[in-house]
Amino acid sequence: MLHEILLSLSGHPSPLLREAAASANVWDGRVPVSSAAKALSPPERALLASLAHISDLHIKLLSATAQIAASHMSTICRAVATAIDNVHLAAFRRKVLDVEDAVLRRDAVLVGAYNVVPLTAVVAEFTPWTRRLEWLWGFVQFMQDKDAGAGPALIDRLRTELQTGYADVEETSRSLVRVAEVAWLQQVSAWILYGQLPAFGADDFFVQRSQDGEEEYICVSELLPSFVTPLTAASMLFIGRSLNRIRSRSLGDAQLQGAGHLSSQLKELSKLTYPLDSGTLSATITDIRRFLSRTTLQKLLPLSKVMDILQLLRDFFLLGRGEFAMALTQQADEKTRSRWRRAENLAYEKRDGLATVVLKEGEVSAVLSRTWAALGSMLGQHAEEDEGMDLARDLLRLKLSKTSKSPPPSTAVEGGLSSIASTPFHNLLLSVPVVMTIQIPPPLDLFLSQSDLQIYTAINSYLLSIRRAHIRLTDLWKTTSLRRHHPAPPAPPYGTTRAGREKTRLLRARHISRENSLRGTWATCSAAIFFLAETEAYLQTEVVAGLWDGFQRWLTTGSNDEPQRQQRCVNKPGPSRQAIKADTQEDDDIWLEAASPSSKSSIPESHRTSPSLPSAQQTQDPQSLAQAHRLYLRHMVHRLLLSHQPFADALFELLVHVDRLVALVTRLQAVWTAADLETDVGVVDAFVDHEREEREVVREIRDVERRVKDGVEGCVGLLRGLEGGWTSLGSEVGGEEGDVGGEEVKMREEGEYVPRRVGGVDRLLMKLDFGSWFDGARRDGVGIEDDL
C-alpha cells in the first residue's frame, strides 16, 4: 500500500486511493464498497482520502499546466504555467522522493518499531502541500478562463496574493510574480529597444496596432498591469513608436540605436528588482526615453520643425491670421450662392431635390484653392516670401466630414475629445459638415497625434463660425441700397419740374418707409455684432493669444511665466520665428543638454542655464513636449468655453439665427430691387407678387429679430451663470489641469509646463452690457445705440 500511495502522489492515478476517497464518508453500508476498501478502517479511509485529494490536485495541475504551456495565447500565462510545473510541482515530486528515501533508510521520523510506517506520519509529511496545491489550482483555473486569463490580469492577481498571511503561499506567489513580470518585461524590451511588437502574444500586449488600417499604435489601458502608471505607458508607447518610425526610414543600426544604446539600456533594465516597483520602472523608462531623445531624435525631429507646425496651427487653425478666415468665409459664401443660383437657373423638371445644391468633395477643396489665390492677390509680391503660407498650402486640407468611426479602445495616453461639446459648428461654413485638417508629415507624428488634430479641428470650426457670423453681419452695411436713398432723386432740370418733384416725393416716401421697416433690424444687427465682436476679441486676445504666448515661452526657454513678471510683460513682444530658428540651427542642442562639453559653444548665451534653473534642453524631449501640448490644448478647450455644452448649443443656435437674418435681409433687398424695376422701369414678372412677398419676408425678419435677441440674452445669461461657477467648471478638464487651484495642488516636476492663467468670464461680462435692451421696453430698437 505504501508503494501505491507514493506512486499516486507522484502523478499516477491509483484505484486504491480513489476508492478510499469515495468510501471515506460511507458509514451505513448502503453504497457498495470494494474488498480492498473494506479492509480499511474508517480512520484509514479518511487519511487516504486526504492523500487522494493531493494526488488528484497534482495530476490535474500536471495536465492543465502542460496544456497552457503548449497552447495558451499569452506568453505570460505560458511562462507561469511552465514555472508551476518546473518549480513547484517538481518540488512536490522531490518531496515524494524524499519520503520514499526516508522509508528505505528506515528513518525514525517515518519508520517505527518492527519497520512499521504509520499512515498518519506519511499524511503529516504531505499535509502542508494541500493549501499550496489548492492555491495553484485556483490560478491554473484563472488562466484557463478565456475571459479573465490575460497576462496583465494574472500579474495583478499574483501581486494581490502577496498580501496573504500564509508564508508558503506568499513565497509561491512571489516566485510566480517574478516569472510573470520577467515575461512581461521581455515584451516591453522588444518594444522599447527595437520598436517591434512581440512576435508571439501580441494580443496580450498593451500596445496594439490601430484598427483603421494606418501604421499607427495605440495604448490599451485594459492590458496594462496595475503597477504601470499612465505616464509610464505613454513613455513606452512613445519610445516604441519613435523607434518604429526611425526603422521605417531605413536608417542603419548605428543611427537607429545610437552608440551603446542596447548595452546601456539593457543594463538599466537588468537592475530592476521584482516585484517591479512603479516608481523605479517609471524612472528607468524615463531615462531610456531621454537617452533616445538625446542620441537619435534630435536629428529626426528638431525643435525648428515643431515650431513651424505649431505656428501653422496657431495662424490657420486658431485664426492667428485674420485675413485667412476672411478670405475663406468670402469664398465659401460665394460658392454657396453660386450653387443656389445654378439650382434656380435649371428647369424644374431637371431638378433633383437638393442634389444640385449639396456640395461635393472636389468643390469643397476648390474653395480652399480659391482662398489661397485670394490671399496671394492680397499679399502681392510678399506672398512669395511667406514661408508659413507656403507650408500651409502644402499641408492644409478642407474636406467633408465623414461619419465618425467608433472610437478606438480606451487609451491611457490620448484623450481630451470627450470634453469637447458635440455642437456641429462645422456645418455653418458651407451648410454641410466641413472640417479643416492637415496631413501630418512623418517625423511630426511623433509629436502631433490624430486626437490633437481633431481638437484643433473642433476649435477651428468653433472660432471660424463666430468670425463668419461677424463678417456676414458687417457685410450688410456694404449693401448701399439698404442704407441710402437708392435710387437717388432725379437731378435738374427734370428734378425741378412738376413730374420731377412728384418723383422725388415718391422716392423719399418709399425710402422712409423702408428705412422705418428696417430700423429694428439694424438695431438687432448692431447688438449682435457687438456681442460677437466682444466675444471674439475675448476668445482671441485673452484666451488663445495668452495661452499661445505662455506655451511658446516654455518651448523656447524651458520655463513658465513667473507670477510677478506675467503682468509686467504683457506688452513685451515675444521672440520672432526667425529668432527661434536662429536659436535652433544646431540639432545637437534641441531636446536635452548636449552630451559633450564641446557642443555647449553652439548654445546661445541666453539659453545656457545654471544647475539650479530648468532649461529647454533638459525638459523638452519629444514626449514631454507632446504631453505639454496636449495639456495646452485641453486647457484651451476649457477656456474657450467649448467644453460647456449649454453655452455651445446656445451660441450655435444664435449663429444659425444670424445666418437666417442675413439671408432674409438679402432676400428683402432683392425683392425691393425687383419691385423698383417693376414700378420705375416697367419690368413685370407676372408670376411674383412683390408686395405679398415683401410682407412675408418682413414678418419673418421680425420673428428672426426676436430669436436673435433671445439668443444673445441666453448666451449672456449662461455667461453670468458661469461667472460664479468657474471653479467648479474647471474640474471638467481633469485634476492635472484644473485652473482654480489644480495647478497648485498637484506636485509638478521642475521645468514642467504649466498653462498660463488666462481669461475669466467676468472680463467678458464687463463689456457685454446691453442696458435695457433685454427688458423689452423698446422693442423697435429705438435708442439701441445709447444702450450699447
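The shown structure was predicted, so the numbers you read here are calculated from the model rather than taken from an experiment. Along the sequence shown, the residues carry numbers beginning at 1. What you see below is based on every heavy atom in this structure, not just the backbone, and it leaves out hydrogens, waters and symmetry mates.
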Examine distances only and state if a side-chain atom of S369 and a backbone atom of S365 form a donor-acceptor pair shorter than 3.5 Å. yes

Check this for me, if you would: do K399 and E361 make a salt bridge, where the nitrogen-to-carboxylate-oxygen distance has to be below 4.0 angstrom? no

R337/E334 ion pair, N-O < 4.0 Å: yes

What about the rings of Y456 and H629, do their centers lie closer together than 6.0 Å? yes

At what distance, to the nearest 0.5 angstrom, does OG1 of T336 lie from CG of L430? 5.0 Å

Report the C-alpha distance between L398 and L328 in whole Å, list the side-chain angles of each, state the deciding distance to 0.1 Å, and finish with yes or no for side-chain contact (heavy atoms from CB on, under 4.5 Å). CA-CA 10 Å; L398 188 67; L328 180 61; 4.1 Å; yes

Does any non-hydrogen side-chain atom of S465 lie less than 4.5 Å from one of L429? no

Validation row: I438, L312 side chains within 4.5 angstrom (heavy atoms): yes

Shortest non-hydrogen contact between F238 and P622, atoms and distance: CZ-CB, 3.0 Å

Specify whether W554 and F551 have parallel, tilted or perpendicular ring planes, treating 30° as the upper limit for parallel and 60° as the lower limit for perpendicular. parallel

Counting N and O atoms only, with roles assigned by atom type, does the side chain of R241 sit under 3.5 Å from a partner on the main chain of Y217, one being a donor and the other an acceptor? yes

Should T521 and L661 count as side-chain neighbours, where that means a heavy-atom distance under 4.5 Å? yes

Can you give each donor-acceptor pair under 3.5 Å made by side-chain atoms of residues 649-660, sequence neighbours left out, with the distance rounded to 0.1 Å?
| residue | atom | partner | partner atom | Å |
| --- | --- | --- | --- | --- |
| D649 | OD1 | T423 | OG1 | 2.7 |
| D649 | OD1 | Q645 | NE2 | 2.8 |
| D649 | OD2 | Q645 | NE2 | 3.2 |
| D659 | OD1 | R468 | NH1 | 3.1 |
| D659 | OD1 | R472 | NH1 | 3.2 |
| D659 | OD2 | R468 | NH1 | 2.7 |

Set of residues satisfying side chain to side chain contact (heavy atoms under 4.5 Å, CB included) with respect to R706, sequence neighbours excluded: D703, D710

Just say parallel, tilted or perpendicular for the rings of F530 and F770, cut-offs at 30° and 60°. perpendicular

Apply side-chain contact (heavy atoms from CB on, under 4.5 Å) to the pair L310 and W548, showing each step before the final yes or no. CA-CA 10 Å; L310 286 176; W548 166 250; 3.9 Å; yes

NE2-CG distance between H644 and L722, expressed to the nearest 0.5 angstrom: 4.5 Å

Is there a side-chain contact between F425 and L464, using heavy atoms and a 4.5 Å cut-off? no

Can you confirm whether E705 sits close enough to I701 that some side-chain heavy atom of one is under 4.5 Å from a side-chain heavy atom of the other? yes

Would you give the length of the straight line joining atom CE of M236 to atom SG of C219, rounded to the nearest 0.5 angstrom? 7.5 Å

Separation between OG1 (T329) and CD1 (I471), nearest 0.5 Å, reads 4.0 Å

Heavy-atom closest contact (Y753 atom, R756 atom, distance): OH-N, 4.5 Å

Look only at the side chain of T535 and the backbone of L532, and say whether a donor-acceptor pair between them is shorter than 3.5 Å. no

Any chance the rings of W372 and F316 have centres within less than 6.0 Å? yes

Compare every heavy atom of Q627 with every heavy atom of A234, then report the nearest pair and how far apart it is. CB-NE2, 4.0 Å

If I compare all heavy atoms of A325 with all of L319, which pair ends up nearest, and what's the gap? CB-CD2, 3.9 Å

Do side-chain atoms of R321 reach the backbone of L318 as a donor and acceptor pair under 3.5 angstrom? no

Starting from the C-alpha separation in whole Å, work towards a yes-or-no answer on side-chain contact (heavy atoms from CB on, under 4.5 Å) for L396 and F324. CA-CA 12 Å; L396 258 65; F324 172 75; 4.1 Å; yes

Between Y462 (side chain) and L640 (backbone), is there a donor-acceptor pair under 3.5 Å? yes

Inspect the surroundings of CE in M326 and state if more than 12 heavy atoms from other residues, nucleotides or ligands are less than 6.0 Å away. no

Within-4.5 Å side-chain heavy-atom neighbours: K305 and L444: yes

Find the distance between CE (M389) and CG (D394) and round it off to the nearest 0.5 Å. 11.0 Å

For L625 against L303, the heavy-atom pair lying closest together: CD1-CD1, 3.9 Å

Distance-only donor-acceptor check, side chains T371 and Q331, under 3.5 Å: no

Examine distances only and state if a side-chain atom of Y538 and a backbone atom of G760 form a donor-acceptor pair shorter than 3.5 Å. yes

Distance col, row K360:NZ vs L400:CG, nearest 0.5 angstrom, shows 9.5 Å

Whether the side chain of S461 engages the backbone of A458 through a donor-acceptor N/O pair (distance < 3.5 Å, no angle test) should be reported. no

Given 3.5 Å as the limit, does a donor-acceptor pair link the side chain of S643 with the main chain of I420, or not? no

Could you check whether any side-chain heavy atom of T286 comes within less than 4.5 Å of a side-chain heavy atom of L231, counting everything from C-beta outward? no

Taking only Lys NZ, Arg NE, NH1 and NH2, and the carboxylate oxygens of Asp or Glu, determine whether D390 and R393 approach each other closer than 4.0 Å. yes

Of the non-hydrogen atoms in C525 and L473, which two are nearest, and what is the gap between them? SG-CD2, 4.0 Å

Do F531 and I466 make a side-chain contact, defined as non-hydrogen atoms from C-beta onward lying under 4.5 Å apart? no

Got more than 12 heavy atoms from elsewhere within 6.0 Å of CZ, R397? yes

Does the side chain of S449 pick up a donor-acceptor pair with the side chain of D452 at under 3.5 Å? yes

Please determine whether side-chain contact (heavy atoms from CB on, under 4.5 Å) holds for the pair T232 and L224, giving the CA-CA distance in whole Å, both sets of side-chain angles, and the decisive distance to 0.1 Å. CA-CA 10 Å; T232 305; L224 277 174; over 6 Å; no

